[in-house]
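Order of the sequence lines fixes the chain letters, A, B, ..., with proteins taken first and strands second; residue numbering starts at 1 for each chain.
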Amino acid sequence: MTYRTPKASSQPALRQPLWLRLLGLAALALLGVGVTLALFVSPADVNQGNLIRIMYAHVSVAWISFLAVFLTAVFGCLFLWQGRRVHDVWAVANAELALVFAALTLVGGMTYSRPTLNTWWTWDAKLTLTALMFALLVGYFIVRGLIDDPERRGRVSAVVSIIVLASLPFNYLAAEWFRTLHPAKSLALDGSGVTMDSSMVQVLLVNVAAAALLYLYFMLERVRLGRLEANLDEAQDTRSAGAPQEVIHV
Amino acid sequence: MSKAGVGDVAAVVEVARKDLLLELRSKEVVVATLFFSGMVLVILAFALGPDETALRNAAAGTLWTALAFAGVTSASQSYQSELDEGALEQLLLYPLPRATLFLGKLVANWLFMLVLSALLLPLSAAVFGASIAQHLPWLLLTVALGTFGFSLIATFYAALTANLRARESLLPVLIFPIIVPVILASVRASSEVMLLGNPAESRGWVQLLAGFDLVYLVVCTTIFPFVVEE
């Protein structure tokens, strides 16, 4: 705990710093490379033909959404442990990105299954898991929206994020056993398993890297905004209280 | 957190006894929930049509739907009574680990759900023409594990949402995505027993239930103090 000092050395810059802007441009450039590779360089699949090109966007986005949920819970734990508001800011940034990437995964999965399996929705374990995760994240934000006190809001949403993370393996198992006929198997890339041509793996990895870089950029930008928001909140609180108060140092 | 001692166990029992005694004297929740879940069974029977095989196949699913809806209502009620006279603050003032409060409420909610399912099982067997007599112990084990997992999540989230606006409508939204594995495993395990009379087939589901119960018992008990901290 420190008293707020007039110098604003720990304040995040009001304008986006140059390195962050460069990171955003790099993410955009890598995304361009990934899309080009996926659309023009990657060979068409033996079974699915050109439809395989959806997979590059779908799989990379899905991986990032799970990473983001995991990091939300990690920052939630840190908040519970140390009570520093900045950890809540990091947790929210990750939760918002998890929600966006989960939504993209669902949209991608539906676009993918429409032409390949001739249905908009399949009870595939991974897709079902993503849908449940999406519902859980919506719950996370509903709870957040109902609590005004930032300390309590951070605490309760950290608790929710831990419960959400713990539910994922069970949801996955249940969803997998729910369908004994795995649509994923009919999707196997060469008809026998998840063996993939090495040129395809390379394209996939470039796309995963692009999605990860994009995620990193949005996360850092959201954290920067979140810290500005938190500082504004505290400044307003101190002003309304009319006296110097103890503030949690962000 | 202090080491669990005899005093903590006594506190858990005392909290559970208090909740159950309150319920036994007022009978508010029991009557409402029992009729509510009975209505759910009847409505589902109407919705699924007069075809007897269809009804029998749906028996386990409807039973757990009714139990899940009733469980949400009773869990949110169990904190409602604490909010009225500032009773929760009083409870929290006792020099005991906060987890005892959670475990006590959990035991009370679980016993409540067990009673409810004991009443609903024969009712659903009658309405849906399913058999519950064969392999009864195995069915009871499934019901015990399933309702325990459900009560865990419901009790935890009821505490979490206790002083939030719109908690009545909020609670199912938060609870249901998490208990999907519990509902699914319970329905599958009990329908194996009720329809096919084959407990061996359902062993995997029962193991999933036991694993869920164990993991969430540890997780919820550990982080519950953060939920009620003021």
Engineer: Might you point out which heavy atoms bring A:Val159 and B:Phe156 nearest each other, and give the distance in Å?
Structural biologist: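 Minimum heavy-atom contact is CG1-CZ, 3.3 Å.
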Engineer: Are more than 12 heavy atoms from other residues, nucleotides or ligands located less than 6.0 Å from atom CZ of A:Phe70?
Structural biologist: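 It does not: A:Phe70 CZ has 12 such atoms or fewer within range.
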Engineer: Between B:Val227 and A:Arg155, what is the shortest heavy-atom contact and its length?
Structural biologist: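 Answer, listing the atom of B:Val227 first, then A:Arg155: O-NH1, 4.1 Å.
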Engineer: Can you pull out every salt bridge (Lys or Arg N to Asp or Glu O under 4.0 Å) where at least one residue sits in residues 96-120 of chain A? Sequence neighbours excluded, please.
Structural biologist: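 Qualifying pairs, neighbours excluded: A:Glu96-A:Arg222.
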Engineer: Starting at CD1 of B:Ile223, measure out to CD1 of A:Ile162 and round the result to the nearest 0.5 Å.
Structural biologist: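 The distance works out to 4.5 Å.
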Engineer: Kindly assign one of parallel, tilted or perpendicular to the pair A:Phe170 and B:Tyr216, based on the angle between their ring planes and the thresholds 30° and 60°.
Structural biologist: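 Aromatic pair A:Phe170/B:Tyr216 classed tilted.
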Engineer: Looking at B:Ile178, B:Ile179, B:Leu174, which makes the most heavy-atom pairs under 4.5 Å with chain A?
Structural biologist: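 Top option by heavy-atom pairs under 4.5 Å: B:Ile178.
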Engineer: Can you say whether B:Tyr157 sits under 4.5 Å from chain A via the side chain, the backbone, both, or neither, judging by heavy atoms?
Structural biologist: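 For B:Tyr157, the contact with chain A is made by the side chain alone.
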Engineer: Over all heavy atoms of both residues, which pair between A:Asn171 and B:Pro181 is shortest? Give the atoms and the distance, please.
Structural biologist: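 Where A:Asn171 meets B:Pro181 most closely, the heavy atoms are OD1-CD, 2.8 Å.
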Engineer: Taking atom CD1 of A:Ile163 and atom CD1 of B:Ile175, what is their separation to the nearest 0.5 Å?
Structural biologist: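 Atom-to-atom, A:Ile163:CD1 and B:Ile175:CD1 are 11.0 Å apart.
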Engineer: Residue by residue, scan residues 134-146 of chain A and write down, ordered by number, those that have a heavy-atom distance under 4.5 Å to chain B; if none do, write 'none'.
Structural biologist: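 Heavy-atom contacts from residues 134-146 of chain A to chain B are A:Ala135, A:Leu136, A:Gly139, A:Ile142, A:Val143, A:Gly145, A:Leu146.
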Engineer: Top residue by heavy-atom pair count (under 4.5 Å) with chain A, among B:Val219, B:Leu160, B:Thr161?
Structural biologist: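 Answer, by heavy-atom pair count under 4.5 Å with chain A: B:Leu160.
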Engineer: When only pairs under 4.5 Å are counted, which of A:Val164, A:Val160, A:Leu80 shares the most heavy-atom pairs with chain B?
Structural biologist: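 Result: the option with the highest number of such pairs is A:Leu80.
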Engineer: Need one label for A:Leu173: side chain, backbone, both or neither, based on atoms under 4.5 Å from any heavy atom in chain B.
Structural biologist: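 Answer is side chain: those atoms of A:Leu173 sit under 4.5 Å from chain B.
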